[in-house]
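A quick write-up on the structure given underneath.
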Amino acid sequence: MSESFFEISGRIREKSEEALRLCADRFREIDRVTEYNQQKMLAAFIDNGVSESHFTASTGYGYGDRGRETLDQVLSQVFGTEDALIRHNFTCGTHTLAVALFGILRPGDTMLCVTGAPYDTIRPVIGITGKAGNGSLKDFGIRYAQVDLDGRGRVDLPAVEAALRADPTVRMVYIQRSRGYSLRPSLSPQEIGQIAAIVHRCSDAVVMVDNCYGEFVCEQEPTQCGADLIAGSLIKNPGGGIAPTGGYIAGRHDLIELCAQRMTTPGLGKEVGATLNLNRSLFMGLFHAPHVTGEALKAAVFTAALFERFGYGVTPCYQDERYDIIQSVLLENPESLIAFCQGMQKGAPVDSFVSPEPWDMPGYDSQVIMSAGAFTLGASIELSADAPLREPYAAWMQGGLNFHSAKVGVMLAAQEMENRELLK
C-alpha cells in the first residue's frame, strides 16, 4: 500500500479502511457519471474533427486560428450551448466572471444575486466591497440587489419571484453554484433550472451561473437546464489539471458575442487573440477533465467519511449527492484548522516542504490559510485546502489529480492534527 511510504499511525490507517468501505457505493456512482461525461467529451472531440493541426500556435492578432475556434465548438457541444469562449487570456475565475458581468450589464441595470452574498473575490467587482472609483459595476451605475437564502440554506424561490416582479430593471439573475466560504448546500443543475424557469416566466433577465467547481460533477450542466450563461476557471475542473491558466464562458450566442467584445474590444470580439502554443494544453486538459473531476470527487467523499469517523462535522456527508467538488470539514478551532492545512501540504507532490501560514490575501476580509502544493499555481483541481481564519473554522478542501495520492494527502492532514494532539 502507498501509505507504507509515509508515517501514518495505526489509528488513522484503521479509520481510513473503514472510510473506504463506507465510500464504495458512492465511488461506483461517481464512476458511472464520470464514464458518461468522458464519453460525451470524446464524442465532442470526434464530432468536431479535432486534429494535430488544431494545436498549432498563432501569434500577433491570431486571426483565423482554427484550433481556437474548434476548441470553442467542442466546449459548446459538451455544455449543450449555442456558443462558447474558452481562452488562456482569462487570468482566473474572478476575471472570467467579471468579463461576463461587464459584457452583459449596462448603466441603469440591476444585477440580482439569488444565492445570498457572493464569493469574497467577486464582491469588489460588483462594488459591494473595495474602494470607490476602482472600476466596479457600481462605479458604472449598475445596481446590485440580493435575495438571501432561506433557513435551510436553499434559494428562496418565492422571494426571487417577488424581487423580479418588484424591479423591472433586473437585467441579470446571478447564481453561485458552489458554496464559497459558507456551509450552505451547492446547487444541482436541476435546482438552477427551477430558478431559471421562474426568471424566464417573470422577466427578460439573463440567468448567469458561476459554475466554478461544478463542471462534470453531474451528467448535465446548468445550461442544459435553463441557464443562459455559465462561466468558470480552467485551473479548476474543466482544465483537467493540464491547462496552465484560463477560463471559459458558455451560453447563448448573443451573450457570448457581448462577452467577447468585452474580453477584447468592440468590433473585434472573438476574431483576435493569439493562442501562443497553448491550444494543445487546453484541448488535452478539457479532454481529461471528466476523469480528473471524478478523482477529485472521490477524494472529497473519502475526506468526509474519514473525518466523520473522528467525530467532526462535515458537509456534504459522504453519502450525500454532490454538485461540486468541495468538501467542508468543521475543525472547530484555529489550531486544528492550521494543522489540517499544513498536514495536507506535506502530501503535495510540489512544495511539500513548505508550511502554509495565515496571511492577508487580497480580496478577502479575513486572514486566509491555503494548502496548495500544485504543478499549476493556485490550481484547485489539484489537492488543496483553504479557509479564512474565522468561525466556524472550517477547512474547504477540494481537488486531487488522482485519488490514490489525494487519499494520502488527506490522511497526512489527520496525522498532523494527531501529532499536535488536536485530533479527536
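On a predicted model such as this, the values are computed, not experimentally measured, just so you know. Heads up: numbering here begins at 1 and tracks the sequence.
Looking at residues two or more places apart in sequence or on another chain, you find a salt bridge (Lys or Arg N to Asp or Glu O under 4.0 Å) between R177 and E221. With sequence neighbours excluded, the residues that form a side-chain contact (heavy atoms from CB on, under 4.5 Å) with T94 are C92, T121, I122, V125. Contacts of N277 classified as side-chain hydrogen bond (donor to acceptor under 3.5 Å, both in side chains), with partners at least two apart in sequence or in another chain: none.
Between D25 and Q319 there is no side-chain heavy-atom pair separated by less than 4.5 Å. Counting heavy atoms from C-beta on, the side chains of S76 and E82 never come closer than 4.5 Å. Between V206 and R171, the closest side-chain pair of non-hydrogen atoms falls below 4.5 Å. Residues E416 and K346 are in side-chain contact: their nearest non-hydrogen atoms beyond the backbone lie under 4.5 Å apart. Side-chain contact between D167 and L112 is absent, with no heavy atoms from C-beta onward closer than 4.5 Å.
Residue pairs meeting the salt bridge (Lys or Arg N to Asp or Glu O under 4.0 Å) criterion with at least one partner in residues 85-99, sequence neighbours excluded, are D72-R87. Pairs engaging residues 328-350 under the ring-ring contact (aromatic ring centres under 6.0 Å, His included) rule: F307-F340 [sequence neighbours left out].
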Going through the distances and angles, do L101 and Y174 end up as a side-chain contact (heavy atoms from CB on, under 4.5 Å)? CA-CA 9 Å; L101 292 173; Y174 184 85; 4.0 Å; yes
Before you tell me yes or no, could you show the steps for T315 and R179 under side-chain contact (heavy atoms from CB on, under 4.5 Å), namely the whole-Å CA-CA distance, both residues' side-chain angles and the distance that decides it to 0.1 Å? CA-CA 10 Å; T315 176; R179 64 193 61 203; 3.3 Å; yes
Show me the donor-acceptor pairs within less than 3.5 Å that the side chains of residues 283-294 make with the rest of the protein, sequence neighbours left out.
residue, atom, partner, partner atom, Å
T293, OG1, A289, O, 2.8

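For L276, the CG atom counts as densely surrounded, since its 6.0 Å shell holds more than 12 non-hydrogen atoms of other residues, nucleotides or ligands. The number of heavy-atom neighbours closer than 6.0 Å to NZ of K138, taken from other residues, nucleotides and ligands shown, is 12 or below. In the displayed structure, E35 atom CD is contacted under 6.0 Å by at most 12 heavy atoms of other residues, nucleotides or ligands.
Closest heavy-atom contact between L389 and P358: CD2-CG, 3.7 Å. In plain terms, the two heavy atoms of P388 and L337 that are nearest each other are O-CD2, 4.0 Å. Smallest separation of non-hydrogen atoms from L278 and P244: CD2-CG, 3.6 Å. In terms of heavy-atom proximity, P356 sits nearest to C341 at CG-O, 4.0 Å.
Side chain of R309 to backbone of A305: a donor-acceptor contact under 3.5 angstrom is found. Between the D320 side chain and the C317 main chain, a donor and an acceptor come within less than 3.5 Å of each other. Judged purely by atom type and a 3.5 angstrom limit, N211 has no side-chain atom pairing as donor or acceptor with the backbone of G214. Of the possible donor and acceptor atoms, none in the side chain of T81 sits under 3.5 Å from a partner among the backbone N and O of Q77. When atom types are taken as modelled, the side chain of D139 and the backbone of G133 share a donor-acceptor pair closer than 3.5 angstrom.
D228 and H200 are linked by a side-chain donor-acceptor pair at a separation below 3.5 angstrom, with hydrogens and angles left out of the test. Between S178 and S186, the side chains place no donor N or O within less than 3.5 Å of an acceptor N or O (distance only, hydrogens not considered). Of the N and O atoms on the side chains of T70 and H54, at least one donor lies less than 3.5 Å from an acceptor on the other residue. Side chains of E219 and N37: a donor-acceptor N/O pair is absent below 3.5 angstrom, by distance only. A donor atom on one side chain and an acceptor atom on the other are not found under 3.5 Å apart for D324 and N237. Side-chain contact of Q327 with R322: a donor-acceptor pair under 3.5 Å is present, judged by distance alone. Inspection of the D31 and T34 side chains reveals no N or O donor paired with an N or O acceptor under 3.5 Å.
Between F403 and F27, the ring centre distance stays below 6.0 Å. Aromatic rings from Y312 and F310 are positioned such that their centres are separated by 6.0 Å or more.
Of the charged side-chain nitrogens involved, none lies within less than 4.0 Å of a carboxylate oxygen, so that K236 and E215 do not count as a salt-bridged pair. The pair R280-E52 meets the salt-bridge criterion, with a side-chain N (NZ, NE, NH1 or NH2) lying under 4.0 Å from an Asp/Glu carboxylate O. A salt bridge links E191 with R154: the distance from a Lys NZ or Arg NE/NH1/NH2 to an Asp or Glu carboxylate oxygen falls below 4.0 Å.
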